[in-house]
Participant: 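Structure provided below as structure tokens; questions to follow.
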Amino acid sequence: MKLKSKKVQLQVRFQFNKKIMATKNWPLWEVFVRSKNGLEHRHFGSLHAADAEMALENARDVYTRRNEGVSIWVVESKNITASNPEHNGEMFEPAQDKVYRHPTFYELPDEVKYM
Amino acid sequence: MSEEQINLEAERSRSLEEQFEARIVRDEKIEAKDWMPEKYRKTHIRQMSQHAHSEIVGMLPEGNWITRAPSLRRKVALLAKVQDEAGHGLYLYSACETLGISRDELYEQLHSGKAKYSSIFNYPTVTWADMGAVGWLVDGAAIINQVPLCNTSYGPYARAMVRVCKEESFHQRQGYEIMIKLTNGTPEQKEMAQDALNRWWWPSLMMLGPTDAESIHTEQSMKWKLKRKSNDDLRQQFIDQTVPQAELIGLTIPDPDLKWNEERGSYDFGEIDWEEFWQVVKGHGPCNKERMKARVGAWERGEWVRDAAMAHAEKQQERKEKQAV
């Protein structure tokens, strides 16, 4: 009787573990690729992978099948902090009225060349 | 909420929607975190996921021939094409996920039959010539459908489509090359090529979607640049460009009503059997059940591998943390 109940317990635990495992999906990673030396890494897309190493391998197969890259970065998507487009006003507008940050703001006599 | 508040809220969302539509008219791209009408989000999830599912299910009819390709050259090309389709599915799933739906939900919709994929993949690939016809016609029709989407309004979709289109042209060429080779071969090989064209021609025309009169999503999709040309226009374009390609290699388009219309500068063509199209869409095509069985089976048989990879990753992480302490 005791033995049987232990078996049932194990079974329940196994089902429970299985359920937990099945709901654990591979996390999402963002992929950045440097097309060639001299250029910056650029966002290429995203993919799912169990860990960083697998993310790199999958990124190689998904995004660089035709020599599109010489270097890959992957970062788990949850680690990226993004600005909110709804706050674009307060975020980016302050730069709009600062024309004095551009060279064309300054008046020069026509005679001056190469400045 | 008072009536006044409700009105205010309605007005606010109306004006947001007007601003949104104006952005699209100005050819501005919409990005994932931007405000968008719920209908825009839903329509995009539907179309993009349907597109992704088509790429994934589309691997099955061709996967059927990888081990039986007639030469190593054909085998590596077919393998690369099928691998590309997996890649295209992944680009599109990722783009779709930016709209706040998970990969698991997307798979669930495919596996439960809630989401559709392109009906063309419910036809069987019975001879090697079908690999030629699929590449030439099915990928040809797909390209015609997809090129305009490189300029669609939703940024992640447009970017995915640029990559897809760049890779797709090799698919069509490798198919046409198979047809050329067969038509230059023995009478039996030539017959095989003609037979494949006979079977794939009409389904390829149907692939470009129901006639404009029947197409329920066209108007809204045009506005959002999810569609730049109507189904009938795309179909005409496909026919006009494909007929000369068939003639060039001595194959006959299986349509007795097909003839050049000087006035229109296009081919007139025969009636499409839309009854067949709707039957296949509804799940009664020759391979609907087989495709879903293969897809769901692959997903289920792979579950332990996915779980094991996750368990391994967690164990490695724990070990690393312990060492750091």
Side-chain angles (χ1 to χ4, degrees), chain A residues 13-33 35 42-69 72 74-92, chain B residues 16 20 23 28-36 79-98 102-108 155-157 159-160 162-164 166-167 170 299-300 302-318 320:
Chain A
R13 214 167 119 193
F14 176 72
Q15 294 284 335
F16 184 65
N17 279 343
K18 201 178 167 205
K19 204 168 173 196
I20 290 195
M21 282 176 87
T23 50
K24 245 182 202 161
N25 297 320
W26 289 359
L28 188 67
W29 300 74
E30 300 300 323
V31 179
F32 299 83
V33 176
S35 311
R42 199 165 58 80
H43 184 238
F44 261 46
S46 48
L47 49 78
H48 290 271
D51 57 23
E53 202 183 327
M54 188 196 278
L56 269 181
E57 283 163 5
N58 288 359
R60 195 255 332 254
D61 291 342
V62 177
Y63 291 104
T64 63
R65 286 194 302 283
R66 289 178 173 80
N67 297 314
E68 289 95 336
I72 303 176
V74 290
V75 57
E76 220 183 309
S77 309
K78 67 171 187 201
N79 292 326
I80 291 182
T81 310
S83 67
N84 183 343
E86 277 176 31
H87 302 152
N88 271 7
E90 62 220 62
M91 191 86 172
F92 301 111
Chain B
L16 274 174
F20 178 85
R23 287 181 68 191
E28 272 180 43
K29 296 285 180 220
I30 308 302
E31 293 295 343
K33 296 183 106 192
D34 293 351
W35 183 89
M36 59 185 77
L79 202 51
K81 179 182 190 289
V82 173
Q83 193 189 11
D84 272 354
E85 273 145 20
H88 296 173
L90 292 173
Y91 305 155
L92 289 159
Y93 279 132
S94 295
C96 201
E97 282 171 82
T98 63
S102 72
R103 181 74 58 92
D104 265 40
E105 286 173 88
L106 292 168
Y107 284 159
E108 169 58 25
Y157 193 23
R159 290 193 288 276
V162 169
R163 300 183 58 84
V164 169
K166 236 188 246 170
E167 298 178 354
F170 122 66
W299 178 249
E300 284 173 354
E303 186 178 337
W304 73 270
V305 180
R306 295 191 298 276
D307 289 346
M310 204 61 225
H312 174 74
E314 278 166 1
K315 208 162 116 191
Q316 293 295 316
Q317 186 64 28
E318 267 170 36
K320 224 196 271 172

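A note on names: the letters A, B, ... follow the listed sequences, proteins ahead of strands, and every chain is numbered from 1.
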Participant: Heavy-atom pairs under 4.5 Å with chain A - which of B:Leu90, B:Asp84, B:Asp34, B:Thr98 has more of them than the others?
Facilitator: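 Heavy-atom pair counts peak at B:Asp84.
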
Participant: Taking side chain as C-beta onward, heavy atoms only, is B:Lys166 less than 4.5 Å from A:Arg66?
Facilitator: no

Participant: Tell me, please, which residues at least two apart from A:Asp61 pass salt bridge (Lys or Arg N to Asp or Glu O under 4.0 Å).
Facilitator: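 For A:Asp61, no residue satisfies salt bridge (Lys or Arg N to Asp or Glu O under 4.0 Å) once neighbours in sequence are set aside.
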
Participant: Can you tell me which portion of A:Ala82 sits under 4.5 Å from chain B's heavy atoms? Options are side chain, backbone, both or neither.
Facilitator: both

Participant: Using non-hydrogen atoms only, which part of A:Glu53 is less than 4.5 Å away from chain B: side chain, backbone, both, or neither?
Facilitator: neither

Participant: Need one label for A:Ser83: side chain, backbone, both or neither, based on atoms under 4.5 Å from any heavy atom in chain B.
Facilitator: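 Backbone only.
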
Participant: Within residues 42-51 of chain A, which positions have a heavy-atom distance to chain B below 4.5 Å?
Facilitator: A:Phe44, A:Ser46, A:Leu47, A:His48, A:Ala50, A:Asp51

Participant: Going by heavy atoms in the side chains, are B:Arg103 and A:Asn25 under 4.5 Å from each other?
Facilitator: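 No. Closest side-chain heavy atoms not under 4.5 Å.
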
Participant: Chain A: which of B:Ala86, B:Ala160, B:Ser94 shares the most heavy-atom pairs with it under 4.5 Å?
Facilitator: B:Ser94

Participant: So which atom in B:Lys33 and which in A:Pro85 form the shortest heavy-atom distance, rounded to 0.1 Å?
Facilitator: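 Smallest interatomic distance, heavy atoms only, reads O-CG, 3.3 Å.
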
Participant: Looking at chain A, which one of B:Ala95, B:Ala309, B:Pro156, B:Ser102 has the largest number of heavy-atom pairs inside 4.5 Å, strictly under?
Facilitator: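 Heavy-atom pairs under 4.5 Å are most numerous for B:Ala309.
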
Participant: Side chains of A:Pro27 and B:Met310: does their closest heavy-atom pair fall under 4.5 Å?
Facilitator: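 Yes, at least one pair of side-chain atoms sits under 4.5 Å.
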
Participant: Should we say atom CH2 of B:Trp304 is surrounded by more than 12 heavy atoms from elsewhere, each under 6.0 Å from it?
Facilitator: no

Participant: When heavy-atom pairs shorter than 4.5 Å are enumerated against chain A, which of B:Arg159, B:Glu31, B:Glu167 gives the highest number?
Facilitator: B:Glu167

Participant: Report, as yes or no, whether the 6.0 Å neighbourhood of atom CG on A:Asn84 holds more than 12 heavy atoms from other residues, nucleotides or ligands.
Facilitator: yes

Participant: Which one wins on heavy-atom pair count under 4.5 Å against chain A: B:His88, B:Gln316, B:Gln317, B:Glu314?
Facilitator: B:Glu314

Participant: Do the non-hydrogen side-chain atoms of A:Tyr63 and B:Arg163 ever get within less than 4.5 Å of each other?
Facilitator: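 Sidechains of B:Arg163 and A:Tyr63: in contact.
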
Participant: Does atom CD of A:Glu76 have more than 12 heavy-atom neighbours, drawn from other residues, nucleotides or ligands, at distances under 6.0 Å?
Facilitator: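 Counting neighbours around CD of A:Glu76, more than 12 heavy atoms of other residues, nucleotides or ligands fall under 6.0 Å, so yes.
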
